[in-house]
Amino acid sequence: MRALILSDIHGNLEALDAVLAAAPQHDAVWNLGDVVGYGASPNETVECMRLLADFNVRGNHDKVCCGLVSAEGYNPAAQRAVQWTTERLTDRSVRWLESLQEGPLFTSNSSLAHGSPMDEDRYILNIQDAWEPLQRAEQRTSFFGHTHMQGGFQLRGSEWVHVKPVQSEGVDADKRSQWVLPLREDGTRYLLNPGSVGQPRDGDWRAAYAVLDEEANEVTFYREPYDLALAQGRILMAGLPERLALRLREGR
Ligand code: ZN
């Protein structure tokens, strides 16, 4: 079984299209949330996940943009993006976003969350944040998103590893690249983030995603270049904040 794992698409259809065209053959699609917010194509990315994904976890932007909770506490650019998105979502998109379930969701062998498995809105940024979820994990692999940073943590006993995929092509590369994490069968538990498809914040502008291969016992982290200028142009033409276009190039 091979699962294509996507997170934080954020209405960036150009990035999502590039990832779907490049992804290796897979049996399932797992979406870790934030399908909308920031990008210029919220209805298109909703429709794509509605049709393609076997599991859809709700993200904080999904909740806010369909009106389940307020955007209080968001920075001004994010609030404007929420307002812009809310005004443009079709009724069908709103209903689908409203129907999304809070993580963690459970596949046969993994758990899927947007933020922490303990709290959907909490960020997992360091070992301290990863501690309790990994102590409590019953599956070998738990996947999360929300931070927009590819990688994660692994734990066996008291031995911690900060998993940082090193993409050989470098951050300015315009080529695709991949990095393989072999999964150990000695009781090691993994808490892993595929990275953000639509708005990476780990210094690499390329769309991020991951594939879990249960037979090969490995997770492969990918970076895929996409038509950045088109995604930026559509954000600017839509009247969304300029910063949301500029940050795509910075990967921040
Ligand atoms: Zn997000």
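By convention here, the first residue in the shown sequence is residue 1. We count ligands from 1, going down the list as the structure has it; atoms in each ligand are counted the same way.
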Stepwise side-chain hydrogen bond (donor to acceptor under 3.5 Å, both in side chains) check, R234 with N12 = CA-CA 10 Å; R234 295 195 51 235; N12 187 337; over 6 Å; no
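Closer than 2.8 Å to the Zn ion (ligand 1) sit the protein N, O or S atoms D8 OD1, H10 NE2, D34 OD2, H148 NE2.
Checking R201 against Q199 by side-chain atom types alone, a donor-acceptor pair falls below 3.5 Å.
At least one donor-acceptor pair closer than 3.5 Å links the side chain of Q150 to the backbone N or O of Y222.
The aromatic ring centres of H114 and F144 sit 6.0 Å or more apart.
Closest approach of A71 to Q79, counting heavy atoms only: O-NE2, 3.2 Å.
The side chain to side chain contact (heavy atoms under 4.5 Å, CB included) test applied to W131 returns Q135, W160, not counting sequence neighbours.
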